[in-house]
There are 2 protein chains.
Amino acid sequence: MRPEDIPVVRNLPLFADMDDRRFDELVKAALLQTFPPQVDLIREGDPADFLYVLVEGAVELYAGHNGRETTMAVIEPTSAFILAAVLNDAVFLMSARTFLPSRVMMIPNEHIRRCFAEDKAFAAAVVAELSQAYRQLVKQHKEIKLRLAAERLANYLLRQSQARGDPTHFKLPAGKGTIAALLGMTPENLSRAFGALSAYGVRVRGGSIHIDDAALLADFAKPTPLIDGVEEIYERRGVKSIGP
Amino acid sequence: MRPEDIPVVRNLPLFADMDDRRFDELVKAALLQTFPPQVDLIREGDPADFLYVLVEGAVELYAGHNGRETTMAVIEPTSAFILAAVLNDAVFLMSARTFLPSRVMMIPNEHIRRCFAEDKAFAAAVVAELSQAYRQLVKQHKEIKLRLAAERLANYLLRQSQARGDPTHFKLPAGKGTIAALLGMTPENLSRAFGALSAYGVRVRGGSIHIDDAALLADFAKPTPLIDGVEEIYERRGVKSIGP
DNA sequence: CTACATATTTGATATAAATCAAGATGCCTC
DNA sequence: GAGGCATCTTGATTTATATCAAATATGTAG
């Protein structure tokens, strides 16, 4: 484990309030591995032996069934993923692959579960993280059931433009194929949806998005905090998490 | 609060292992109310002041946006709902309405949060409940993204036939309109999907479903534990929860 | 039991999205 | 800067699903 990574992980909401000694134990038990792009980290159906923390790079959570495949989430540093599977001591429901060169910390399942049982602050952080992940997923599920493809894209673009610095200009965090799957459509359909949004001031140049007039786009997108809102229990120091 | 209801609630996984004194406090602080059918219990966007426990009857969780509405879950006794909103001290993301005459226990937010902070067994149960709810929702989300309407119905019927006693015959837990919304389709489309499944031995008579040959239906439905599996951390004494 | 209100089914049609098949574009390597 | 490969786009078509409009069934109050 590179020493400069430790404070970054330490500052994650999940670990920030935990006992010092216990955190050191976690770190000692953890593996830190570096992976090239397009490597499968976990496969749905496998037992959840480790909690994963993405320290650097980017990871896609995806799931397949019966010849089809879809993206469930795009993870950016620094954040933990597949926490629920570990706590439940169950199999993964999603697969994960890097799509950039990535550094990943892997903490053995039993350590997480022991910390949870013994460290009150950690337990509280786990609940906060879980309930937030749950609510995030409720929003995703509402979105896919209540919005058409072009509306999903429009709102996604608005959310991204808020989450990243400049509200008028940003880069997509993944290739368009992945974004399409995340938003529950085919790449072809995403292209056409972008075409439809040009009427509302959306300019696309490769992975670069420019939004001429957020109010005009919002007029079409009809965002609502009950689907598009970002919630933070903690102050999130240095944490970014990219949902759809 | 009717005395005969107390042991039922006490046996919920969420409360089963908690300290006796604390449970009594919870019950004392709680309200138990009876509602007729079609009454709104909570409305999305309102602050989550109470944790709800359905003691008797049936409740639908639903969400609306921009003129559309969809069913998120159908709750049967005895189970708690909207736990994540309470723990997060946030607004509800879903509305809830009774669709049978129902008895509902309402526990004030602060009591739940205090118990969580002070009672280790309760904290563990909360995490178990939350991580299970999260995984349940992951499965729902995978299903809607990876399966066509008729496949969703076929798998839903197989899950129901397993969850209820007799694998060849059962009653739908809600009207077909609600089931249709739960499965992400219109009532018309549900009708046609039932029509399509008659080729695989599904007989419908009102709300009664008869499955001639589960193997034949499964052949079409292609169920997988990674979407259709039921997970139980605890032995669930007397608990039933109906997901889609 | 009858009649009303509501829920469901059925048919015709419209819309949304997926698929198939070329092209075009961008990106990386050399 | 030129090839070569992958990604993305565009157009034509098919398929899935929604919508609209009756017709039929179902449950319920009287």
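So that the names make sense, note that chain A is the first sequence line, chain B the second, and so on, each numbered from 1. Here the structure is a predicted model, which is why all the values come from computation and not from measurement.
- Between the side chains of A:His210 and A:His169, not a single donor N or O lies within less than 3.5 Å of an accepting N or O.
- Counting any heavy atom pair closer than 4.0 Å across all strands shown, B:Gly195 reaches no nucleic acid atom.
- Spacing between atom CG of B:Leu153 and atom P of C:dT9 amounts to 11 Å, rounded to whole angstrom units.
- Residue B:Lys176 places no side-chain N or O under 4.0 Å from the OP1 or OP2 atom of D:dT26.
- Atom NZ of A:Lys145 and atom P of D:dA18 are 11 Å apart (whole Å).
- Across the protein-nucleic acid pair, B:Gln38 atom CD and C:dT6 atom C1' stand 11 Å apart, rounded to whole Å.
- Between B:Glu69 atom CD and D:dA18 atom C1' there is a gap of 17 Å when expressed in whole angstrom units.
- Heavy atoms from other residues, nucleotides or ligands lying under 6.0 Å from CZ of A:Arg43 number 12 at most.
- A salt bridge links A:Arg97 with A:Glu69: the distance from a Lys NZ or Arg NE/NH1/NH2 to an Asp or Glu carboxylate oxygen falls below 4.0 Å.
- End-to-end axis angle of the helix from C:dC1-D:dG30 to C:dA22-D:dT9, using five pairs per end and rounding to 10°, comes to 40°.
- The CG atom of A:Leu146 sits 17 Å away from the P atom of D:dT17 (whole-angstrom rounding).
- Of the candidates B:Arg147, B:Arg152, B:Lys142, B:Arg147 is the only one forming a salt bridge (Lys or Arg N to Asp or Glu O under 4.0 Å) with B:Asp228.
- A:Leu190 has its CG atom 15 Å from the C1' atom of C:dA16, to the nearest Å.
- Side-chain contact between B:Arg203 and B:Ser208 is absent, with no heavy-atom pair separated by less than 4.5 Å.
- The shortest side-chain heavy-atom distance between A:Phe35 and A:Gln33 falls under the 4.5 Å cut-off.
- We find that CG of B:Leu172 is positioned 12 Å from P of D:dG27, with the value rounded to whole Å.
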| said: Output one letter per nucleotide in nucleotides 17-27 of chain C: B when a protein non-hydrogen atom lies under 4.0 Å from the base, S when only the sugar-phosphate is that close, - when neither is. | reply: SSBB-------

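- For the pair A:Lys222 and A:Glu151, the salt-bridge criterion is not met [side-chain N within less than 4.0 Å of a carboxylate O].
- Under 4.0 Å is where a charged nitrogen must lie from a carboxylate oxygen, and between B:Arg164 and B:Glu76 at least one such pair does.
- Atom CG of A:Leu197 and atom P of D:dT9 are 12 Å apart (whole Å).
- You'll find the side chain of B:Val86 stays beyond 4.5 Å of the side chain of B:Phe50, heavy atoms only.
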